[in-house]
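Comments concern the structure below.
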Amino acid sequence: QRHLVESGGGSVQAGGSLRLSCTDSRYDDSPYCMGWFRQRPGKEREGVAGILLGGFTKYANFAEGRFTISQDNAKNTLYLEMNSLNAEDTAMYYCAAVTGGPYCAGDLGSWPVGVWGQGTQVTVSS
């Protein structure tokens, strides 16, 4: 059974940066793709950034140019570097893995996520 554990959330002032990490408990079976999603207060969960096998990345419009997704295969860890944060980025951030098949070509919101992390809170004060 796969477990995803996020860390790195916290409180930061507007304009600041944070790096989120997500460690995957499974070393013997790489997901087809992994990504970061977030849920802002009173909003639906939305895709932030994703990375596919081979390293191809995709970003939500609001993340493009400010956020960077990456992974360290040796550490089985996914990262999300977030810069120029603003109050609109305040949310619970979740790590996710698509494990059922290579169904990651579409928008992040269409990904059939099989495993979710427990989430890490990011709060940006203005």
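Between the side chain of D107 and the backbone N or O of G109, no donor-acceptor pair lies under 3.5 Å. Side chain of D72 to backbone of T77: no donor-acceptor contact under 3.5 angstrom is found.
The salt bridge (charged side-chain N to carboxylate O under 4.0 Å, His left out) contacts involving residues 47-69 comprise R66-D89, where partners must be two or more places apart or lie in separate chains.
Partner R38 forms a side-chain contact (heavy atoms from CB on, under 4.5 Å) with one of E46, R45, K43 and no other, that one being E46.
Listed by chain and number, the hydrophobic cluster partners of F56 are F37, L52, M92, Y94, V98, L108, W111, V113, W116, where partners are ILVMFWY side chains within reach of under 4.5 Å, directly or through others. Counting Ile, Leu, Val, Met, Phe, Trp and Tyr side chains that sit under 4.5 Å apart, directly or through other members, L85 shares a hydrophobic cluster with L4, V12, L18, L20, M34, W36, V48, I51, Y59, F62, F67, I69, L78, L80, M82, Y93, V115, V122, V124.
Applying the side-chain hydrogen bond (donor to acceptor under 3.5 Å, both in side chains) test to Q118 and every residue at least two apart in sequence or in another chain returns E6. Take N83 and apply the side chain to side chain contact (heavy atoms under 4.5 Å, CB included) test, not counting sequence neighbours, and it matches S17, E81. For S30, the side-chain hydrogen bond (donor to acceptor under 3.5 Å, both in side chains) test picks out no residue, with sequence neighbours left out.
Rounding to the nearest 0.5 angstrom, the gap separating the CZ atom in R19 from the OG atom in S7 is 9.0 Å.
Proximity of K75 to T23: side-chain heavy atoms (C-beta onward) are nowhere separated by under 4.5 Å.
Within 6.0 Å of CG on D29 lie more than 12 heavy atoms contributed by other residues, nucleotides or ligands.
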